[in-house]
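Following: one structure in structure tokens, then a few remarks.
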Amino acid sequence: MTKPFDLALSYPQWQGSSRSTNILRGAKATAEVCSRFAPLVSLRETDATGDDHGVHHWHAIYDQFRQAQHVLAEHHPRRLLTAGGDCAVDVAVIDYLHGMYPNLQVIWIDAHMDANTPETSPSGYFHGMPVSAIMGFAPEPLRRLQGEPVKPERFKYYGIRVADPGDEAFGSTMGLRTLEMDEALSGPVHIHFDLDSLDPREFPYLSYPEPNGVSVDTAVALVRRIATQADLVGLTITEFAPANADEVRDGSVVIEQICRAATGAA
């Protein structure tokens, strides 16, 4: 049974990605769509700078993580809709929801595995590391702020079609699996939805488009099925990268479809 979200969190972090301008524009547009489905609270854009712990823009990422923890502790939502930003915004969100729902399942809809660590990442950008981070392999200053790691058996991928050696090694070591289309889900579920999972012929407003993606209809149907079968307590939408106002308008139509599927709206 679908239920409404009780908070929309605007998390305008672009620093996890190497391509900043369009990601920030997309984060603001995603937040505007999400504000139609729940009361919106926004993190401030940070001016922190500097790399550390093998991560580019580490201090900005750490600052925004701490902000997110503070806002979520203050508002204490039980059902959370998050507007990213890059994929790494979900580290704080999943940590919060996992603390509230110890049996949380995470469905990671993405073209990329996002499972590098600072030691294996070929780029040093944190949006390629959130899966390892939620499983206990974040840089130590962040790890000290997190609760219990997500167990690999509570995590499933969908739509993955690109991986580098660090991703593959982590996935193999941890035994990470892919969600089957007919696989039934129950209990509390969080969906991470990176828009680059979509076929770029249908959704080209991306910094990292990859061919042969999931159709919009298929992805929306999956979100609707999960929301109907299970208890969808979280949805995070990331990596919208529109280049101009026309792309904001057209891409926002798809984001609204995803949100409607998650909430059971007509």
Lys/Arg-Asp/Glu bridge criterion (N-O < 4.0 Å) met for E32, K28: no

Any sub-3.5 Å donor-acceptor pair from Y11's side-chain atoms to A88's backbone N or O? no

For E183, is there an ion pair with R225 - N to carboxylate O distance below 4.0 angstrom? no

Less than 4.5 Å apart, side chain to side chain, heavy atoms only: is that true for D52 and H59? yes

Of all heavy-atom pairs between Q146 and A133, which one has the smallest distance, and what is that distance? NE2-O, 3.3 Å

Between Q13 and D86, a side-chain donor and acceptor under 3.5 Å: yes

Exam field: side chain T218 to backbone V214, donor-acceptor pair closer than 3.5 Å: no

With rounding to the nearest 0.5 angstrom, report the CG to OG distance, L222 to S197. 9.5 Å

Within the distance-only criterion (no hydrogens, no angle test), does the side chain of T30 pair as donor or acceptor with the backbone N or O of G26 below 3.5 angstrom? yes

More than 12 non-hydrogen atoms from neighbouring residues, nucleotides or ligands closer than 6.0 Å to CD on E148, yes or no? no

Heavy-atom count check: over 12 atoms from other residues, nucleotides or ligands less than 6.0 Å from R143 CZ? yes

Specify whether Y125 and H56 have parallel, tilted or perpendicular ring planes, treating 30° as the upper limit for parallel and 60° as the lower limit for perpendicular. tilted

Checking T46 against D63: is there a side-chain donor and acceptor pair closer than 3.5 Å? yes

Spatial distance of atom NE2 (H70) from atom CG (L43) [nearest 0.5 Å]: 10.5 Å

Test side chain to side chain contact (heavy atoms under 4.5 Å, CB included) applied to E239 and I23, step by step: CA-CA 6 Å; E239 303 278 351; I23 291 286; 3.4 Å; yes

Given K156 and E180, is the salt bridge (Lys or Arg N to Asp or Glu O under 4.0 Å) satisfied, shown in steps? CA-CA 9 Å; K156 292 186 178 69; E180 302 298 332; over 6 Å; no

Enumerate the ring pair (Phe, Tyr, Trp, His ring centres under 6.0 Å) contacts for residues 187-239, please, sequence neighbours excluded, ordered by first and then second residue. W108-H192, H127-Y208, F203-Y205, F203-F240

Taking the side chain as every heavy atom from C-beta outward, state whether V89 and T238 have any pair of such atoms under 4.5 Å apart. yes

From CA spacing to verdict: side chain to side chain contact (heavy atoms under 4.5 Å, CB included), Y157, L179: CA-CA 6 Å; Y157 281 120; L179 180 72; over 6 Å; no

Any donor-acceptor pair under 3.5 Å from R177 side chain to E153 backbone: no

Are I160 and V131 connected in a single hydrophobic cluster, I mean Ile/Leu/Val/Met/Phe/Trp/Tyr linked by side-chain heavy atoms less than 4.5 Å apart? yes

Please name the pair of heavy atoms, one in A83 and one in A27, separated by the smallest distance, quoted to 0.1 Å. CB-O, 4.4 Å

If I take atom CD from residue E202 and atom OG from residue S215, how far apart are they, to the nearest 0.5 angstrom? 5.5 Å

Just wondering, do Y62 and H53 contact through their side chains at under 4.5 Å, heavy atoms? no

Is there a donor-acceptor pair under 3.5 Å between the side chain of D6 and the backbone N or O of R78? yes

Y158-V106 co-clustered via ILVMFWY side chain contacts under 4.5 Å: no

Should V233 and L80 count as side-chain neighbours, where that means a heavy-atom distance under 4.5 Å? no

With no hydrogens and no angle check, do the side chains of N212 and D199 hold a donor and an acceptor under 3.5 Å apart? no

Verify same cluster id: F137, L176 (apolar side-chain graph, 4.5 Å): yes

Close side-chain approach of F155 to M174, heavy-atom, < 4.5 Å: no

Under 3.5 Å, side chain of D167 to main-chain N/O of A115, donor-acceptor pair present? yes

Keeping the roles fixed (side chain from T120, backbone from N116), state whether a donor-acceptor pair exists under 3.5 Å. no

Would you say NE2 of H75 has more than 12 non-hydrogen atoms from neighbouring residues, nucleotides or ligands within 6.0 angstrom? yes

Ignoring hydrogens and geometry beyond distance, is a side-chain donor-acceptor pair present between H112 and E210 at under 3.5 Å? yes

Within the side chain of S172, is there an N or O that forms a donor-acceptor pair under 3.5 Å with the backbone of A169? no

V41 versus S10: any side-chain heavy-atom pair under 4.5 Å? no

Are F5 and C34 packed together at the side-chain level, in the sense that at least one heavy-atom pair is separated by less than 4.5 angstrom? no

Applying the 4.5 Å side-chain criterion to the ILVMFWY set and letting contacts propagate, would I107 and V220 be lumped into a single cluster? yes

Applying side-chain hydrogen bond (donor to acceptor under 3.5 Å, both in side chains) to Q64 and Q15, what does each step give before you reach the verdict? CA-CA 10 Å; Q64 288 167 104; Q15 289 90 344; 3.1 Å; yes

Is I94 reachable from M100 through a run of hydrophobic residues whose side-chain heavy atoms are each under 4.5 Å from the next? yes

For S121 and T117, indicate whether the former's side chain and the latter's backbone hold a donor-acceptor pair under 3.5 Å. no

Side-chain donor or acceptor of Q105 paired with backbone N/O of S186 under 3.5 Å: yes

If you define the side chain from C-beta out and look only at heavy atoms, does anything of I134 sit under 4.5 Å from D90? no

Chi angles and distances behind the side chain to side chain contact (heavy atoms under 4.5 Å, CB included) call for Q257, V216: CA-CA 9 Å; Q257 286 181 265; V216 170; 4.0 Å; yes

Tell me, yes or no, whether the heavy-atom count around R66 atom CZ, taken from other residues, nucleotides or ligands under 6.0 Å, exceeds 12. no

